[in-house]
There are 2 protein chains.
Amino acid sequence: MPTNRRFILERRPNGVPAAADFRLSEESVPEPGEGEFVIRNIYASLDPAMRGWLDDAPSYMPPVPLGEAVRASTVGKVVASKSADFPVGTWVSGLGAIEEYSLSREGGFTRAIDVSSVPSPSNYLSVLGAVGLTAYFGVVDVLAPKAGQTMLVSGAAGAVGSLVGQIGKIHGCRTIGIAGGPDKVRRLTEDYGYDVGIDYRGKDRAAIEAEIRTAAPGGVDLVFENVGGDILDATLDCLADRAVIALCGLISEYNSVEKVGARNIWQLIVHRAMIRGFLVSDYLPRFAEGVTALAGWMGEGKLRFDEHIDRGIENALPAFLRLFEGTNEGKMILQLGEP
Amino acid sequence: MPTNRRFILERRPNGVPAAADFRLSEESVPEPGEGEFVIRNIYASLDPAMRGWLDDAPSYMPPVPLGEAVRASTVGKVVASKSADFPVGTWVSGLGAIEEYSLSREGGFTRAIDVSSVPSPSNYLSVLGAVGLTAYFGVVDVLAPKAGQTMLVSGAAGAVGSLVGQIGKIHGCRTIGIAGGPDKVRRLTEDYGYDVGIDYRGKDRAAIEAEIRTAAPGGVDLVFENVGGDILDATLDCLADRAVIALCGLISEYNSVEKVGARNIWQLIVHRAMIRGFLVSDYLPRFAEGVTALAGWMGEGKLRFDEHIDRGIENALPAFLRLFEGTNEGKMILQLGEP
């Protein structure tokens with residue numbers, strides 16, 4: 001009888017999550033009731049937004065309860081079922097948890113996926129999952145780019161940012177990416193088609209601002225913000241009139257107790273600009289449109305995407321912390337089992 | 001021969017403007033050349049935004065040059081003219097300076113005004129001037145309110161804020177005003193029709209947030225922001241989904257060297273909300289629409305507005321500083337001469 005190892009939240013992290021905030025429990029594999037099925041999880045998505053779910057703070061989702069497995073998007077295979085819709089052997093994706101087996105039921109967020117059409121089932125956690133859809137709707141709906149506009153992307157070598165830049169190019173934008181370290185910055189132009197790559201590492205706000213200004217002398221029309229902090233403030237000083245900032249994430253702040261936010265919002269008045277927050281989940285009714293577009297661009301060879309896969313539930317924390325250390329190269333995924 | 005006293009910027013202020021930053025010069029009254037005319041200024045508008053014009057920082061207007069009179073909107077009368085369009089005796093309003101006489105010319109920003117239709121020519125610096133038009137376009141165009149929505153206004157007893165609340169009521173909104181001190185808060189509900197008045201004085205961010213939440217248990221749909229700082233951060237914690245924040249000003253920051261901005265922008269993601277900066281000058285092509293609407297509401301007795309008039313160019317600085325001390329009651333105007 002296999003055991004079900006689960007990555008349990010024991011204590012709410014204060015700042016950077018620590019080993020003592022979590023526990024690996026060993027439980028028995030659940031049995032499905034009527035209409036239920038058991039998924040053997042093969043991949044779990046590790047995303048910056050998960051940091052917020054660990055706090056007991058008002059947000060767009062309830063906090064992960066103490067004593068429960070940490071919430072994550074997953075891809076897996078049905079191994080036991082009392083549901084005609086999800087027979088044994090079905091590949092599925094949904095909002096589950098970091099655990100080797102999950103109990104799910106019909107009518108929830110779990111859906112069947114077609115793994116024959118993609119290079120790897122894990123792609124449903126990257127380019128065809130929330131990451132790809134976040135990039136798609138953030139660009140197409142929030143920024144609504146016009147050909148010839150200048151688009152600035154922070155976290156540009158990350159899972160979302162690398163796709164944002166490429167979708168911006170597909171729409172005819174001039175793209176400027178900001179990332180940390182020479183390797184990532186090289187990948188911005190070589191792998192992800194950015195016109196300019198800026199390395200923020202070791203630079204203060206004024207130096208970052210100077211580089212953005214050099215790259216966009218007429219100002220930045222569109223901003224896809226993943227980072228916040230000094231990078232956002234430097235960006236606010238380089239806006240073109242009527243700039244739009246799509247606020248997707250603030251990874252520089254997730255482990256900070258004191259938030260800095262956007263100190264430079266006066267520039268929103270100067271340039272009649274706007275910051276608009278968005279969540280991919282609001283676009284659920286349009287997910288099919290997004291997946292179709294992304295799969296189409298993949299098929300045409302227009303989208304390069306990378307996945308960084310660490311293995312084993314025992315590595316859940318160090319794999320998650322890579323997102324904040326910037327040591328992942330591509331969408332961060334934890335592999336929990338063999339396909 | 002009269003002299004022309006002028007309020008000259010001598011040095012750029014560091015923080016709160018001080019007496020030594022300015023000088024009162026006595027010069028001869030200018031002579032008009034061909035197409036020019038001389039205005040005897042009777043009223044000058046004192047606005048928070050003028051603080052920014054004193055800094056040597058990139059903004060939507062060039063800084064006031066050192067050695068020049070401080071820029072201000074004015075109302076006055078033509079006393080000498082070589083322009084057929086602006087004969088002696090014409091009442092005019094325009095973007096001039098704090099000085100007793102100004103030289104102006106045809107084709108500039110100075111326009112003739114009809115003082116017979118208003119209680120006082122100074123109204124062209126308040127309800128029918130930039131202040132009234134800022135309130136009008138900020139509400140009608142940026143916030144675009146729907147009946148039944150909850151509108152929060154900071155600086156709600158101020159020149160702009162008092163009109164914003166009343167225009168919000170005209171559009172069927174429930175209005176909550178924030179102001180400083182019991183007298184102003186009393187005027188919010190008694191004079192300006194706010195449904196709820198909140199006093200921020202002596203309260204920290206958490207206490208302000210608690211009062212907003214009590215006043216708007218379902219969250220705030222529309223925000224007209226004049227203040228920034230703790231008030232903006234407390235507001236961001238009380239947004240309804242898809243809230244819109246019209247960013248008009250940040251008076252709490254204008255004399256600060258270190259800006260705090262909006263620390264709490266994570267809430268923009270949580271609520272898919274937006275902050276949008278705007279400038280009344282962008283609505284120049286629609287000013288007639290705004291003046292017509294405001295004059296119409298005045299005629300119907302739906303708009304109460306107050307003017308706080310201090311007298312004498314020698315009082316320019318203390319009168320200006322009232323805006324930051326909060327000791328003005330209504331639109332701050334400096335009277336430079338008799339009508």
*Among B:G52, B:G249, B:G277, which has the most heavy-atom pairs under 4.5 Å with chain A?*
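Top count of heavy-atom pairs under 4.5 Å with chain A: B:G277.
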So does [X] pair up with [Y], basic N to acidic O under 4.0 Å?
X: B:D55; Y: B:R51; result: yes
X: B:D230; Y: B:K203; result: no
X: A:R322; Y: A:E325; result: no
X: B:R242; Y: B:D221; result: no
X: A:D282; Y: B:R272; result: yes

_As an exercise: rank A:L268, A:V270, A:I269 by heavy-atom pairs under 4.5 Å with chain B and give me the winner._
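Heavy-atom pair counts peak at A:I269.
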*Heavy atoms only, distances under 4.5 angstrom: which of A:L279, A:L236, A:V244, A:L250 has the most pairs with chain B? Name it, please.*
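Of the options given, most contacts go to A:L279.
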*What part of A:L232 gets closer than 4.5 Å to chain B, counting heavy atoms only: side chain, backbone, both or neither?*
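Side chain only.
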*Region of A:A262 that comes under 4.5 Å of a non-hydrogen atom in chain B*: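 It is both, since atoms from each part get that close.
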